[in-house]
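These notes are about the structure you will find just below.
All residue numbers refer to positions in the sequence shown, counting from 1. On a predicted model such as this, the values are computed, not experimentally measured, just so you know. Computed from heavy atoms alone, side chains included, the values below leave out hydrogens, waters and symmetry copies.
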Amino acid sequence: MSAFDSFPLGQPAFVTNVLDRAAHLRRDDEKLFAMEQKPSSRAYVVYRDSLLVKREGEKVRALLSIDEALKCGANPGTIFLGLRDGAAVFGMGLSQAAAEKLIGRDDYTVTELRGMAMQGAIPPQELSAVAMAKSMVGWHQRHGYCANCGTRSAMKEGGWKRECPSCKAEHFPRTDPVVIMLVASGDKCLLGRQKQFPPGMYSCLAGFVEAAETIEDAVRREILEESGICCTDVQYYMTQPWPYPSSLMIGCSARALNEDIVVDRSELEDARWFTRDEAALMLTRTHPEGLAGPHPFAIAHHLLGRWVHDKSGA
């Protein structure tokens, strides 16, 4: 199955959630402990931007039993992600020392999540739960101490809260909103590239929503700051959870009011206008100059693909 088959138009990675989050169980420590002990319970084990998987022939399996996870050195603290067909699914972390011990093994391996997702090695319907595990494990690893008084905080409510034993402050997982937008002017769209992109790849412009800022204002501000283009008619398309480390990509479209690009070189290596025909070739990796659009795994591909297929214009 190709990436285009795995992520058809309108269905990027991380958006298909098969779990019942079952939030009513998060405060029941006794129930959660009992579910951890059940043979039917499963876990996703995260190490930084990678995932612990079990090799099964030419395929890999990311959803492990609790026993498999612990035998590979997963940290015993679990984060309750929810229920799948009645069985509990947890998120677990892996230390650097445990990850290094797995090097060279034939049965288990730690592999970078993005690459596996883009190649279709993990079923698309599992990726939302994997993203949840990655975001939550990362949050706990980065927020072990109370931001109010500096005391070591404790995991509560199945991992969905940390509580300070000293000042009693409560801390909750954060999600950072990011606008990502396809700006068009008639039969042309604006795309940019950053230095770290693969050679020839262009994508939609994006940026974080700032404090006390609307989505529409963030779209207009980011486009103006990065490209010098003023825009209007901001329209919402869809969102995509993005576990790097824990963002929500808010996909939008907008109409340009001018076409003279002034690139902010601190943000972008280049930005330029592309025709609809050029964009179509870039999405299918058939552009004569070797230019390419974003991977179907990312919401940017779907923003661009929707515009390419909408012959009526922006």
Side-chain angles (χ1 to χ4, degrees), residues 1-15 114 117-120 124 178-207 215-216 219-220 222-240 242 249-265 267-314:
M1 177 181 290
S2 71
F4 289 87
D5 295 324
S6 297
F7 306 109
L9 193 61
Q11 297 179 41
F14 309 125
V15 301
R114 187 189 302 241
M118 291 172 70
Q119 296 164 15
V178 177
V179 288
I180 181 166
M181 42 274 171
L182 193 286
V183 179
S185 178
D187 200 45
K188 297 182 293 186
C189 70
L190 178 68
L191 300 175
R193 60 171 282 107
Q194 298 178 340
K195 291 181 179 179
Q196 68 267 28
F197 282 8
M201 176 186 161
Y202 282 76
S203 187
C204 299
L205 275 57
I215 292 171
E216 294 83 355
V219 168
R220 289 187 284 263
E222 284 288 342
I223 292 295
L224 181 61
E225 289 177 354
E226 295 188 358
S227 68
I229 300 298
C230 296
C231 62
T232 187
D233 295 343
V234 177
Q235 301 290 325
Y236 167 79
Y237 171 44
M238 68 177 299
T239 57
Q240 179 189 29
W242 191 251
M249 308 299 292
I250 305 169
C252 297
S253 61
R255 180 171 59 86
L257 294 174
N258 62 300
E259 295 185 358
D260 296 327
I261 297 172
V262 180
V263 178
D264 179 355
R265 300 293 178 181
E267 294 283 346
L268 299 174
E269 183 179 73
D270 186 32
R272 53 182 281 198
W273 295 102
F274 293 90
T275 67
R276 203 181 303 269
D277 290 341
E278 284 182 298
L281 294 173
M282 292 166 70
L283 287 176
T284 55
R285 306 297 199 271
T286 56
H287 193 283
E289 298 177 22
L291 302 181
H295 192 280
F297 148 98
I299 190 175
H301 174 97
H302 302 264
L303 278 165
L304 186 56
R306 184 182 69 147
W307 177 78
V308 164
H309 289 89
D310 180 12
K311 302 299 183 182
S312 63

Give the minimum heavy-atom separation between Ile180 and Ala300, together with the two atoms involved. CD1-CB, 3.8 Å
Heavy-atom closest pair, residues Cys252 and Ile215: SG-CG2, 3.8 Å
Does some side-chain heavy atom of Leu268 sit less than 4.5 Å from a side-chain heavy atom of Gln194? yes
Tell me, with the steps shown, if Leu191 and Arg272 meet side-chain contact (heavy atoms from CB on, under 4.5 Å). CA-CA 6 Å; Leu191 300 175; Arg272 53 182 281 198; over 6 Å; no
Just do the side-chain contact (heavy atoms from CB on, under 4.5 Å) check on Glu222 and Met181 with the steps written out, would you? CA-CA 9 Å; Glu222 284 288 342; Met181 42 274 171; 3.5 Å; yes
Heavy atoms of Ile229 and Ala256 approach each other most closely as CG2-CB, 3.7 Å
Does the pair Lys195 and Glu269 meet the rule for a salt bridge (charged side-chain N to carboxylate O under 4.0 Å, His left out), with working shown? CA-CA 6 Å; Lys195 291 181 179 179; Glu269 183 179 73; over 6 Å; no
Taking Glu259's backbone N and O only, do any of them form a donor-acceptor pair with Trp273's side chain (distance below 3.5 Å, no angle check)? yes
Distance col, row Met249:CE vs Thr239:OG1, nearest 0.5 angstrom, shows 10.5 Å
For Phe197 and Gly192, work out which heavy atoms get closest and say how close. CE2-O, 3.8 Å
Lys/Arg N to Asp/Glu carboxylate O, Arg276 vs Asp187, below 4.0 Å: yes
Are any of the side-chain heavy atoms of Val234 and Val179 separated by less than 4.5 Å? no
Heavy-atom closest contact (Arg285 atom, Pro294 atom, distance): NH1-O, 3.9 Å
Given Met282, which partner from the list Glu289, Met201, His287 fulfils the side chain to side chain contact (heavy atoms under 4.5 Å, CB included) test? His287
Please confirm whether the backbone N or O of Leu281 pairs with a side-chain atom of Thr284, one donor and one acceptor, at under 3.5 Å? yes
Atom pair CZ/CD of Phe297 and Gln240 - distance to nearest 0.5 Å: 7.0 Å
Spatial distance of atom NE2 (His295) from atom OG (Ser203) [nearest 0.5 Å]: 12.5 Å
Please determine whether side-chain contact (heavy atoms from CB on, under 4.5 Å) holds for the pair Tyr237 and Leu182, giving the CA-CA distance in whole Å, both sets of side-chain angles, and the decisive distance to 0.1 Å. CA-CA 10 Å; Tyr237 171 44; Leu182 193 286; over 6 Å; no
Can you tell me how far the CG atom of Leu303 sits from the CG atom of Leu9, to the nearest 0.5 Å? 9.5 Å
Does Asp270 use its side chain to pair, donor to acceptor, with the backbone of Tyr202 at less than 3.5 Å? no
Using 0.5 Å steps for rounding, measure from the CE atom of Met238 to the OH atom of Tyr236. 7.0 Å
Give a yes or no answer on whether the side chain of Thr275 reaches the backbone of Glu278 with a donor-acceptor pair at less than 3.5 Å. yes
About how many Å separate CD1 of Ile299 and CD of Gln11, when rounded to the nearest 0.5 Å? 12.5 Å
Report yes if the side chains of Ile250 and Val219 come closer than 4.5 Å at any heavy-atom pair, otherwise no. no
Report the C-alpha separation of Leu205 and Val183 in whole Å, then their side-chain angles, then the decisive distance to 0.1 Å, and conclude whether the side-chain contact (heavy atoms from CB on, under 4.5 Å) test is met. CA-CA 9 Å; Leu205 275 57; Val183 179; over 6 Å; no
Non-hydrogen atoms of Trp307 and Ala184 that approach each other most closely: NE1-CB, 3.5 Å
